[in-house]
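Below is one structure; the comments refer to it alone.
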Protein chains: 2
Amino acid sequence: MATIYDIAKKANVSPMTVSRVVNNSGKISEKTREKVEKIIEELNYIPNNAARSLTLKQSKILSLVITDITNPFYTKVARGAEDKAKQMGYRLLLSNSDESFEKESEYVDMLISSGVDGVLMAPSGDESQKNLKTLIKNRIPFVLIDRHVKGIDCDLVMGDSYQGTRQLLEHLIGQGHSKIALINGPTNVSTAREREKAYFEILRLAGIEADKKLAANISYMQNDSYKFVKNLISLPESKRPTAIFAANNFIAINTIKSLRQLNVRVPEDIAVVCFDDPDPIPDFNPFLTIAAQPAYNFGYMGIQLLIERIEGNGPAEKQKVILPPEIIIRSSSLKK
Amino acid sequence: MATIYDIAKKANVSPMTVSRVVNNSGKISEKTREKVEKIIEELNYIPNNAARSLTLKQSKILSLVITDITNPFYTKVARGAEDKAKQMGYRLLLSNSDESFEKESEYVDMLISSGVDGVLMAPSGDESQKNLKTLIKNRIPFVLIDRHVKGIDCDLVMGDSYQGTRQLLEHLIGQGHSKIALINGPTNVSTAREREKAYFEILRLAGIEADKKLAANISYMQNDSYKFVKNLISLPESKRPTAIFAANNFIAINTIKSLRQLNVRVPEDIAVVCFDDPDPIPDFNPFLTIAAQPAYNFGYMGIQLLIERIEGNGPAEKQKVILPPEIIIRSSSLKK
DNA sequence: CTGTTAGCGCCTTCAT
DNA sequence: ATGAAGGCGCTAACAG
């Protein structure tokens, strides 16, 4: 409610002096500083950010665009992002794209008009290129997390899909599995592509002939694994997989649900492994064998890179941070 | 980047005309409207919200303050809040208070200076009264969710702690339990108080003499149930509880973890029930018996009430929406 | 060390 | 139906 003018009048100084006190800028005598500060206190003055943004052309607001706040993976990303943002004096605008390019586009427009200083985004897919170009055109710095986008060179924080896939598959192979199915996300998402590539490569290296019919792509949102799973288990025994590698936590859960409906037991009949924990708290349901990614750090470091870029402290070349996964072996993949 | 002036010049009209086109206000001839719209398209014009906020004194930004985005309960709240906000043309600023009054205060100051139009808050506790009064002083409308605050009369969306507690306890009693412990949140939180009150009342109504030593309050964040749980199970058998009512999902999980460490089986040795699902996806780990609250709706309706208040369509008297829980009986409380 | 001037982009008000 | 003037609250640039 109160403005610097109100303060200025009451303190018998110019608005500029008040501004300097508020921002700790320029030189101010101890005496006037105290006088002004007292009145600021008295009048409960809080700076008006809209006005400040207008002149400074920066809002101290960052945007976090993720695909599903309901997924514990992104929940932890959000946590990390928020902690770092707060620490650096920024606030965070939350957007859920639901893996939809259209929703993402709407949000991007909203964000630009909101005047956010930067965007931390888990892109919905390769079409996101268009949205990112919109950001570039509007000179809004951004950092990508979890997924990169074809044709866009930028700072990013990602996991290591190859290593995670390798560890997961080697574990399964070590358990004696050779017919391993893959239930993957859509191929317009970089992580899905990389996991698929790694899957075929690692099987090959292990001397296992991959059966393309054992690999499928489904949507992260619809999560319609049922049909494919049913196909899998109705294969003749010589072809039927004994293990399933699900690309992410939600696909894994959905797959297990499908298996249960079909009266197939995990892990007795089929082992299941995936990326990322489906539980907000590890260790409570120690069931799924996973390649756990450091989600909190995706958010934390993502914001860090973003702020470096915004404040111009970032190196000229783009930074690519790759965070390794940690395999956690639990009962969903263990022989009794 | 482009402003209404750029558009105006190119279209040979005044900035005012452009403004009217953008906002669909006033009367504009079809011809000029089309001309202006074409140029807006061409120049990729997006309105500057800072400037708009400055004159209009509204930012179309709402703030969501919750205590832990990592908890699936609040995750769903956030989802609901965000969906409704987007639908109404607002954006959402996310804040995690971590159940800390201090953090909440910092955020409240940030929010005020950000010029948010309203706040949807799950207060950290009764001390939040101070923060809410700050909001009132700054004329920022707010709605409380999940918890109310002593001495503050405002719109709110809450669960029904009494009914949830009743259903949970009656279920336990029906299972033959009479020594039922309570592991509750801190008493400066309204839901904890209400659950405690309900707990004693319902036991009394059931003719069970409550033992005050079986009830404890712990922090939602530290979640340090271990010591109390250890005490409980080392009680002589005549006093030892056969069931535990945990106030929320995270307390329940932590309690079960403690029990496991102590080699106590759930539900064989002790049954456990609580409010709210600890899993983001129901049905996947159908283990805990819960009083499930409609979290999504807490967020959705909360934002709805908030916007009604902001836009002045709300009724003069404050609205109190009470959303009933639904009991879901699962194995954590079932006799084999 | 402190003050003055001007302008950020938009909209309200008043004029035409 | 359209335009001109002025101001929202703040700060950069310059002046003293």
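For clarity, every value in this text was computed on a predicted model and none was experimentally measured. Lettering follows sequence order; numbering is per chain, from 1.
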Query raised in the report: What is the distance from OH of A/Y5 to P of D/dT11, rounded to the nearest Å?
Result: 10 Å

Query - Taking every non-hydrogen atom, the tightest pair across A/N96 and A/Y107 - result: O-CE1, 3.3 Å

**Report entry** Below 4.0 Å: OP1/OP2 of C/dC11 and any side-chain N or O of B/R52
**Finding:** yes

Query raised in the report: Under 4.0 angstrom, heavy atoms only, what part of the nucleic acid is A/T55 near: base, sugar-phosphate, or nothing?
Result: base

Report task. Could you tell me the separation between the NZ atom of B/K27 and the C1' atom of C/dT16, rounded to a whole number of Å? Result -> 18 Å

Query raised in the report: Given D/dA1, is OP1 or OP2 found less than 4.0 Å from the side-chain N or O atoms of B/T32?
Result: no

Report task. Whole angstrom is fine here: how far is it from NZ in B/K60 over to C1' in C/dC10? Result -> 16 Å

**Report entry** C/dG9 OP1/OP2 closer than 4.0 Å to side-chain N/O of A/K57
**Finding:** yes

Report task. Measure from NZ or CZ of B/K84 to the centre of the six-membered ring of B/Y90 and say whether it is under 6.0 Å with the direction within 45° of the ring axis. Result -> no

Report task. Tell me what A/I4 touches on the nucleic acid: a base, only sugar-phosphate, or nothing, going by heavy atoms under 4.0 Å. Result -> base

Query - B/L54 CG - D/dC8 P separation (whole Å) - result: 9 Å

Query - Derivation and outcome, side-chain contact (heavy atoms from CB on, under 4.5 Å), residues A/D146 and A/F73 - result: CA-CA 10 Å; A/D146 189 42; A/F73 173 76; 3.9 Å; yes

Requested in this report: Please round to the nearest 0.5 Å and tell me the distance separating atom CE of A/M121 and atom OG of A/S95.
Outcome: 8.5 Å

Report task. Return the value, rounded to whole Å, for the distance between atom CG of B/N23 and atom P of D/dT2. Result -> 16 Å

Requested in this report: Give one of base, sugar-phosphate or nothing for A/V22, where a contact means two heavy atoms less than 4.0 Å apart.
Outcome: nothing

